[in-house]
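Notes follow once the structure below has been shown.
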Amino acid sequence: MNKTTSPDLKSWVNIPGGSDFTIQNLPYGIFKYGTKKPRVGIAIGEHVLDMSFLYKKGYLDNLFLNENVFKSVSLNRFILLGKAYWNLTRNRISELLQEDNTELRNNKEDLKAALIPMVEVEMLMPVQVPNYTDFYSSMEHATNVGKMFRPNGDALLPNWKHLPVGYHGRASSIVVSGTPVQRPKGQTMPEGAEKPLFGPSKLLDFELEMGFIIGRGNEMGTSITTADAENHIFGMLIFNDWSARDIQSWEYVPLGPFLSKNFASSVSPWVVTMDALEPYKCDGPVQDTPILPYLKFDGEKNYDIHLEVYLKTEKGDSTLITESNSKFLYWNIAQQLAHHTVAGCNMQVGDLCASGTISGPTPNSYGSMLELTWRGAKPIVLNDGSERKFLQDGDTVIMKAFCKKGDQRIGFGEVTGKIVPAF
Ligand code: CA
């Protein structure tokens with residue numbers, strides 16, 4: 001265990017019980033405060049630590065960085081510096097915030113400027129994402145969708161247990177938490193119809209996913225091994241891969257989803273680093289079908305991250321509609337990255353790879369409305385008594401993710417998005 005994740009660490013910053021942003025976490029994001037330009041921040045308790053200010057005031061002098069790394073509209077410049085610098089920065093911030101450190105704590109003037117209440121900042125898109133890939137790594141999800149979309153065939157297609165199925169998504173429409181999501185329009189072929197219709201999707205859905213951010217690329221024509229994969233990953237975030245099921249079921253043959261997914265995906269604003277996640281590594285499900293050597297791996301490669309989805313109606317009632325966990329993923333992120341590059345594809349810093357919908361084994365752990373309502377056959381009853389088969393205009397989807405071990409906790413905060421009517 002590296003010393004920044006030690007359960008013994010305590011901070012002089014007030015951190016309320018149950019906070020996602022403990023001193024063991026220290027996730028990175030981009031924030032805007034007042035009229036100041038966007039910059040890099042670290043979440044601690046109910047505050048954001050202004051990294052640009054700390055740099056300017058000399059608190060990071062021993063790190064040999066330059067000002068533009070933190071005075072930036074994205075984390076990409078910081079990520080580009082590489083793992084050695086991520087470690088140095090994390091160690092230094094951990095040190096500054098520990099209860100026995102008085103450097104910042106006792107400098108009242110600096111403290112006021114460096115530590116900004118989270119409620120007063122606007123969080124922006126954390127990473128400029130050059131490329132986005134979506135996997136399909138949950139066996140439970142793939143099985144459920146297979147049963148619904150291909151009722152007369154095998155639920156899992158023959159390739160599924162031999163490779164992490166994925167497709168290239170759309171990076172331009174990835175938005176940060178809080179951004180409203182317009183109901184997409186498109187072609188559908190309702191059951192019994194003789195020709196396709198055009199109009200707003202009637203079966204709008206969310207997909208509960210986790211994403212990882214590439215921290216180090218590879219040259220085109222080379223690949224990344226499962227053993228080296230973690231050295232290429234900067235951190236993780238919550239990912240809502242909004243999906244229009246009626247558009248999807250008509251368009252997806254034979255090349256996979258297109259407009260049903262590319263209208264919007266939402267990310268949580270804080271990127272939790274792999275260092276912070278280290279204590280929460282765990283084994284994944286047993287892979288019972290022999291796999292090719294390039295997909296084999298050693299050690300714990302899954303992560304025990306508890307996931308929750310809430311649906312909030314226009315009136316303000318919020319209902320917990322599912323609870324899942326990223327440990328259920330059949331294909332782990334090392335295998336995803338090894339597979340992604342095995343043909344020689346070059347990953348770039350900032351690329352985002354998402355897991356695919358994370359469904360657990362029980363019906364109350366499914367990661368989409370499609371599965372929770374079994375394509376509308378079993379509507380969800382919300383706390384206010386209303387029912388949902390799919391999302392309505394005015395609904396807000398809130399996803400939360402956190403890791404917990406005894407008293408220790410780190411978390412991702414949340415990703416929210418409200419559905420607004422089609423344009
Ligand atoms: Ca997806």
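Just so you know, ligand 1 is whichever comes first in the structure, and atom 1 is the first atom listed for that ligand.
Classification of Arg183 and Asp393 as a salt-bridged pair holds, one side-chain N sitting under 4.0 Å from a carboxylate O.
Ring to ring, Tyr132 and Phe239 are close: their centroids are under 6.0 angstrom apart.
Here the N, O or S atom of Asp134 that is nearest to the Ca ion (ligand 1) is OD2. Glu207 contributes OE1 as its N, O or S atom closest to the Ca ion (ligand 1). No other N/O/S atom of Glu209 lies as close to the Ca ion (ligand 1) as OE2 does. Closest approach between the Ca ion (ligand 1) and any N/O/S atom of Asp241 involves OD2.
In terms of heavy-atom proximity, Arg77 sits nearest to Lys71 at NH1-O, 3.7 Å.
Just one residue in the list Arg388, Lys312, Lys389 forms a salt bridge (Lys or Arg N to Asp or Glu O under 4.0 Å) with Asp395, and that residue is Arg388.
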